[in-house]
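Accompanying notes for the structure given below.
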Amino acid sequence: MKFESDPIVAEKITKMGKKVVADIFDGNAPAVSLPVRASSNVHYDKDKGLLYLGNSMSERNFLNFAHTRKFMQTMIIASKCKELIEKGKTASIRELYYELKHNIPGTKENTFEGQDESDPLIEDLETMTDSLREELHLKADSSGILFGQIVIEDTGDRIDCSKLGKSGLAIPSIVDDYKFLECDAKYVLVVETKAMVDRLVEEKYHIKNNAILIGLGGQAARGARRLIKLLNERLKLPVYVFTDGDPWGYYIYSVVKTGSMNLAHESKRLATPECRFLGMTMKDIDTFSLQKVTEQLKDVDKKRVNQLLNYEWFQKLHWRKELKSMLNKGARIEQQALASKSLEFVATEYLPGKIARKEFLD
Amino acid sequence: MTTIAERNAKDHKSISVAEFFERNKHLLGFENDQKSLLTCVREAVDNALDACEDARILPSIYLELKQLDPTHFKLIIEDNGPGIVKQNIPNIFAKLLYGSKFNLKQSRGQQGIGISASVLYSQLTTGKPTKIYSKIGDGNTHIYELNINIKKNEPDIISELTVDGDGHGTRIEMCIKGKYIRGKQSVEEYLMETAIMNPFASIVYINPEGKQFEYPRAIDTLPKAAEPIKPHPHGLELGILMRLMKHTPSKNLTAFFTTELSRVGRGNAVDICNRAGINPKTNPKRISRDDVEKLLNALNTAKIAKPPTDCLSPVDEDAIKKGLKKEMNPEFIAVMSRPPTVYKGYPFQIEVGIGYGGDLPAEGPISIMRFANKVPLLYQQSSCVIAKSVIKLGWKRYGLKQSNGSIPLGPVAVTVHMASVWVPYTSEGKEAIAAYPEIQKEVTLALQGAARKLGIYISKKRKSKEAEERLRAFDIYAGELCVALSDLTGVEAEKIQTSLKQVVADKVGDTSIVLHGKGMEIQTDDGDDGMPKTPVSEQKEQEENNNNTPPPTQQPHPTEQSTTANENPQSRLDIFNNDKTKKAPETEETSE
């Protein structure tokens with residue numbers, strides 16, 4: 001695969017390597033500077049509704065013992081990315097880990113002991129070279145599934161997503177090259193759990209309601225987030241997010257809407273500020289008489305609620321009310337608790353009713 | 001017809017020494033075969049060391065255990081002490097509870113009831129007499145074979161012989177029932193610990209397997225002599241006070257208090273009597289028991305200066321260091337001698353030594369060695385104030401691992417020595433020191449003092465190890481880094497690596513300081529870390545000196561014999577007809 005950005009990104013990586021070599025030949029400590037990716041350097045742009053990375057920079061220095069190993073690893077990853085770009089190949093981040101993992105001669109150590117060592121450095125390299133992961137010819141493991149009234153062209157193949165049975169389209173890491181050939185859908189419904197997607201597909205919700213269903217299976221992966229963004233941007237489709245009524249579900253919504261702290265540098269590409277939150281809300285518990293099927297908040301849940309209350313992008317009055325109400329009730333509500341009414345209730349009454357009444361949280 | 005009371009009276013009389021021994025043997029250290037063997041060895045060695053130290057002679061001790069049959073042993077011990085005058089020999093060895101101490105004085109002897117208990121044990125378990133050789137430097141050797149007349153508690157002399165013999169010293173041979181073990185609570189452990197806290201002694205030991213152990217002398221000065229002191233009013237107990245009153249030549253209480261007790265002046269004495277409501281002119285021999293109690297109360301609470309503390313005989317820091325070094329060979333030793341102080345009217349002093357690393361086992365709990373008046377305590381560790389204080393100290397801050405309430409882990413040996421004119425034991429077994437607050441406080445302070453030095457050493461060691469690891473890390477990661485950089489830029493990897501090596505060499509000292517902002521300390525030798533410089537070679541030198549030059553002649557024994565014996569302090573007394581390296585000669589066997 002080739003990208004237009006290839007020569008520029010390759011040049012950026014090479015330039016970084018040359019700078020380090022120059023440091024060494026000049027008798028200086030080899031070092032690179034990179035933006036700080038800690039929460040202290042993540043800010044919220046109220047006007048755009050997006051998270052963004054601030055200007056704080058840090059130095060990674062080979063002669064600082066705490067950085068030595070990371071510095072070496074960063075350079076190994078950089079040189080591998082350059083190679084991938086030149087060869088026109090794309091590797092998953094897990095493949096990259098295995099390709100680079102080897103024993104360091106004369107030691108019992110490996111270059112990488114686990115993928116958790118290489119993944120954050122990939123994100124570092126993205127910010128250092130101001131490139132996207134895909135532009136580095138890397139992709140995350142795919143996660144997320146799509147059903148609905150849309151026809152997509154992918155690498156020359158035509159995919160009618162309304163005819164994928166109960167299997168659906170596995171959303172890949174890279175979706176920028178998708179072409180949307182036909183679209184009858186009126187909106188995109190983003191669903192937290194795959195089990196709920198299965199329920200909606202069995203009820204033919206997407207056919208009956210002319211909707212695109214995207215199942216996240218937990219936290220939203222890059223590919224899914226980028227695809228949601230593209231559907232919203234190119235097809236002007238409204239996006240509704242349907243998660244569990246708990247702090248984790250609400251945070252998934254905020255990631256889709258405003259971006260994540262970890263990838264704050266890519267919010268512009270990945271976040272969909274126009275999306276709306278559909279449920280589950282604390283009000284739903286009373287509206288639909290679900291008091292008997294709530295779950296008790298555990299200590300970790302309460303702690304997470306309080307963290308959300310402190311985030312800049314959760315300061316809208318209705319969200320503060322929602323989170324405080326959750327603490328007051330001491331309860332959370334799962335999507336699938338709606339099955340207590342009946343299996344089809346979610347597809348025939350809950351979702352259509354809420355959308356018709358425009359009962360959203362922004 | 002005899003009355004019941006008369007019959008009982010007869011029974012009372014017939015309680016023999018043997019019966020007394022049988023009833024109390026658990027208190028005397030003879031409750032089982034294994035401990036009995038150790039007790040006999042301990043009584044003999046402690047006696048020898050006490051005798052030499054009192055006479056200001058550097059002790060040289062020869063000890064041998066011969067296996068006679070699976071459960072019986074012959075114990076042979078020989079010292080270069082002053083010997084015992086002929087007429088005292090039978091009473092010292094063959095009369096239980098002979099001689100009593102009125103003055104308080106720091107000595108090892110407080111540990112047991114004396115060598116005569118071992119003689120009785122030997123007699124009861126083997127039926128054989130104990131053989132004593134003694135030379136006091138008058139050209140004679142007195143040889144006795146003794147039993148105890150159990151009914152009368154009087155010596156029973158089996159044979160008596162005097163032959164020619166130069167020098168001075170004592171040799172004991174006795175046969176005992178026992179069980180020989182190695183490891184914990186063994187004769188070897190006792191001797192090794194004794195050698196640590198008595199580095200001025202030279203001990204040679206041949207075990208029942210014929211293996212020879214040498215515990216060489218590491219220092220050729222004796223500890224300061226212990227001085228006897230009189231009892232101090234604050235530590236007096238009723239029994240002692242009554243005994244003192246009964247034996248005193250004083251005719252009135254004022255004279256009695258000022259002459260028999262420590263630190264009591266005339267004013268104090270009158271004041272004490274007034275507070276007890278008793279006329280100071282009363283004859284101490286004519287005071288009722290009730291009044292003695294009143295006096296005791298007044299004495300115990302009287303405002304009187306603390307007893308003098310210069311009567312103690314500590315081991316001293318340098319000697320403990322040398323003792324630990326020669327027996328355990330740690331890489332680092334920290335010591336702490338506390339100044340003497342007082343509990344309940346008794347002077348005492350705590351000394352701590354801590355060895356770390358070197359030959360000490362890297363795994364497992366640290367070893368705690370407890371000493372009372374230079375004698376190792378091998379039993380009842382958990383109820384002893386020393387072990388309690390060690391556990392309570394909190395060793396994590398000094399760089400050792402320790403889980404709550406248990407013995408810390410690490411390659412560490414801790415010695416804690418309590419020197420006192422009266423060591424308070426938790427029970428009659430005399431194996432654990434009682435936890436008086438004053439003692440616990442001193443033990444803790446001494447441990448802290450030494451542990452602080454240990455902590456500094458461990459942290460320095462860790463830092464220098466970290467610095468080493470850091471240098472190594474630069475080296476190993478540089479290879480990978482330079483290959484990656486070469487791939488990125490096309491510059492030869494070797495070229496980059498050569499330059500990088502130079503950069504690391506030039507900068508690494510600086511960067512570790514600048515980047516960590518703490519100023520890494522890389523192993524400085526401040527000379528006060530408790531570490532003997534060039535420990536091994538120096539040690540050897542010292543030992544050579546010991547051998548080559550005669551140790552300073554000890555003053556209290558200005559006899560010609562003492563000088564000749566001192567010229568070769570390592571050699572055993574020739575008269576006793578033993579060759580250090582060979583088993584005991586036949587002449588002895590036949591003489592039995």
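Applying the 6.0 Å contact sphere to CZ of Arg462(B) captures more than 12 heavy atoms from other residues, nucleotides or ligands. Heavy-atom contacts from other residues, nucleotides or ligands closer than 6.0 Å to NZ of Lys70(A) number 12 or fewer.
Ring planes of Phe62(A) and Phe474(B): tilted class, angle from 30 to 60°.
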Donor-acceptor contacts, no H, no angles, side chain residues 488-497 of chain B, under 3.5 Å, sequence neighbours left out:
{"unit_1": "Thr489(B)", "atom_1": "OG1", "unit_2": "Leu485(B)", "atom_2": "O", "d": "2.7"}
{"unit_1": "Thr489(B)", "atom_1": "OG1", "unit_2": "Val491(B)", "atom_2": "N", "d": "3.3"}

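Between chain B and the options Asp26(A), Ile24(A), Thr74(A), Thr107(A), heavy-atom pairs under 4.5 Å are most frequent for Ile24(A). Considering only heavy-atom pairs separated by less than 4.5 Å from chain B, the leading option among Gly27(A), Pro30(A), Pro105(A), Ala10(A) is Gly27(A).
Distance check: Ile476(B) CD1 to Thr68(A) OG1 gives 10.0 Å after rounding to the nearest 0.5 Å. Atom CG of Asp487(B) is separated from atom NZ of Lys80(A) by 8.5 Å, given to the nearest 0.5 angstrom. Expressed to the nearest 0.5 Å, how far CD of Glu480(B) lies from CD1 of Ile104(A) amounts to 5.0 Å.
Residue contact with chain B, scored on non-hydrogen atoms closer than 4.5 Å, involves the side chain of His102(A) exclusively.
The two residues Ala484(B) and Ser79(A) come nearest to each other via the heavy atoms O-CB, 3.6 Å.
No side-chain heavy atom of Asn28(A) sits under 4.5 Å from any side-chain heavy atom of Val503(B).
Of all residues spanning residues 108-136 of chain A, those with a heavy atom less than 4.5 Å away from chain B's heavy atoms are Glu109(A), Thr111(A), arranged by number. Residues of residues 356-364 of chain B lying under 4.5 angstrom from chain A, judged on non-hydrogen atoms, do not exist. Listed by sequence position, Gly17(A), Lys18(A), Val20(A), Val21(A) are the residues of residues 16-23 of chain A in contact with chain B, using a 4.5 angstrom heavy-atom cutoff.
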